[in-house]
Amino acid sequence: MTARRVRLTISQTRDTATDFADDWDALVAHVRAERSALVLLPEMAFAPWFAASDRFDRRTWEAAVASHERWIARLAELAPAAVVSTRPIARHGRRCNEAFVWDTARGYRAAHVKYFLPREPGFHETAWYGPGDGSFTPVESADLSLGVLICTEMWSLGHAQRYGKAGAHLIAVPRATSRDSGEKWRTGGRAAAIVSGAYTASSARAASSDGQDLGGGGWVAAPDGELLAVTTDAAPFATVEIDPACADAAKATYPRYALE
């Protein structure tokens, strides 16, 4: 039986409560109009980018956790689409940045905890949460096998390759990155698609937080590296149709079959 094609929506959203609420309403309308089956949100989309600060603040952390809990309770507004994103959360007494998949059939499911954490101006993530255990296992949703590489993790192309070997149709890359790095990230996303034989898709925050210019610029790339869609300030959402059969076939073609 031929795998069903899947309508995927990528997005870029802003930080402030008012701006995000406006972006959310627009996204819900877009997803309904496009009849999307899967929506990718940016990294920790439901609170301001607190990792711009190099000092951990418990009240800020707890506010971000609470905001994500409130908004995750509203993911059904995007249904019947499934949703992929990340959230700040405490697991076993440790703060972390957890990737998740949500859908109407199974609700919230954790994917993995962000493992590679930057520590530089604007992105002091090690001050706020610790790394996961390094496990990267695909999850199933929206008739797809999904891998998640959270922002910096995308540059570990070996993990993209292993997702491909595990049969992933799509590698989702929720991000928070600077505006001037957009082209670099698109190039890396295309490379991750090529080595994995999977589609790659990224949604990114687009806002200024404590002087940090987060530049948005999501994309979808086909398994051969072709860019299928991008987001911009003027067009913050984009929907494309991806074909799981195309990703399955790509696994047997160069360079994927030669990579061990």
Side-chain angles (χ1 to χ4, degrees), residues 10-28 31 39-79 83-102 107-133 148 150-153 172-179 202-216 218 233 236-237:
I10 56 172
S11 59
Q12 60 182 62
T13 57
R14 296 171 292 173
D15 267 8
T16 69
T18 300
D19 286 341
F20 184 82
D22 289 344
D23 291 345
W24 179 261
D25 289 344
L27 176 62
V28 169
V31 167
V39 178
L40 175 59
L41 298 175
E43 183 176 10
M44 295 193 297
F46 299 130
W49 180 246
F50 52 79
S53 172
D54 64 355
R55 293 191 177 188
F56 174 74
D57 179 77
R58 183 163 299 278
R59 288 186 179 180
T60 299
W61 170 262
E62 291 176 350
V65 169
S67 180
H68 278 75
E69 289 175 350
R70 289 192 299 271
W71 280 99
I72 287 170
R74 294 180 59 177
L75 291 179
E77 295 174 26
L78 296 170
V83 182
V84 178
S85 187
T86 84
R87 68 183 296 184
I89 194 170
R91 292 290 189 202
H92 309 295
R94 300 181 68 243
R95 298 187 304 274
C96 60
N97 181 354
E98 180 177 271
F100 68 86
V101 176
W102 178 94
Y108 182 99
R109 287 175 289 152
H112 77 268
V113 171
K114 190 173 185 178
Y115 184 66
F116 298 109
L117 305 180
R119 48 189 182 278
E120 60 179 83
F123 304 94
H124 299 283
E125 295 183 44
T126 56
W128 291 87
Y129 40 79
D133 62 7
V148 184
I150 308 171
C151 202
T152 300
E153 293 177 339
V173 186
R175 293 173 21 245
T177 56
S178 61
R179 185 173 296 275
S202 185
S203 291
R205 305 168 68 107
S208 294
S209 297
D210 295 334
Q212 179 70 17
D213 191 11
L214 303 174
D233 291 344
F237 317 124

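Annotation: side chain of Phe123 is in contact with side chain of Leu214 (closest heavy-atom distance under 4.5 Å). A 4.5 Å side-chain heavy-atom check between Pro131 and Phe116 finds every atom pair outside the cut-off. Between Arg179 and Asp233 the shortest side-chain heavy-atom distance falls below 4.5 Å. Contact of the His112 side chain with the Ile150 side chain is registered, since non-hydrogen atoms from C-beta on lie closer than 4.5 Å. Put simply, the side chain of Ile89 reaches to within 4.5 Å of the side chain of Cys96, judged on heavy atoms. Annotation: side chain of Pro42 is in contact with side chain of Ser11 (closest heavy-atom distance under 4.5 Å). In this structure, Leu117 and Asn97 have side chains that are not in contact, with every pair of non-hydrogen atoms separated by 4.5 Å or more. Using a 4.5 Å cut-off on side-chain heavy atoms (C-beta onward), Trp102 and Val39 make no contact.
Judged by distance alone, with hydrogens and angles left aside, the side-chain atoms of Ser178 form no donor-acceptor pair with the main-chain N or O of Asp213 at under 3.5 Å. Judged by distance alone, with hydrogens and angles left aside, the side-chain atoms of Arg175 form a donor-acceptor pair with the main-chain N or O of Gly216 at under 3.5 Å. Judged by distance alone, the side chain of Arg205 and the main-chain N or O of Met44 form a donor-acceptor pair under 3.5 Å. For the pair Trp49 (side chain) and Gly122 (backbone), a donor-acceptor distance under 3.5 Å is present.
The CD atom of Glu98 sits 12.5 Å away from the OH atom of Tyr129 when rounded to the nearest 0.5 Å. A distance of 11.0 Å separates CG in Asp15 from CZ in Phe50, rounded to the nearest 0.5 Å.
Annotation: Phe56 is in aromatic contact with Trp128 [ring centroid separation under 6.0 Å].
By the neighbour-count criterion of 12 heavy atoms within 6.0 Å, atom CZ of Arg109 is densely surrounded, having more than that number from other residues, nucleotides or ligands.
Arg55 meets the side-chain contact (heavy atoms from CB on, under 4.5 Å) test with Ser53; sequence neighbours excluded. Applying the salt bridge (charged side-chain N to carboxylate O under 4.0 Å, His left out) rule to Glu43 yields the partners Lys114; only residues at least two apart in sequence or on another chain are considered.
Taking all atoms of both residues into account, the shortest heavy-atom contact from Val148 to Ala99 is CG1-CB, 3.7 Å. Here the shortest heavy-atom pairing between Leu40 and Val173 reads CD2-N, 4.0 Å.
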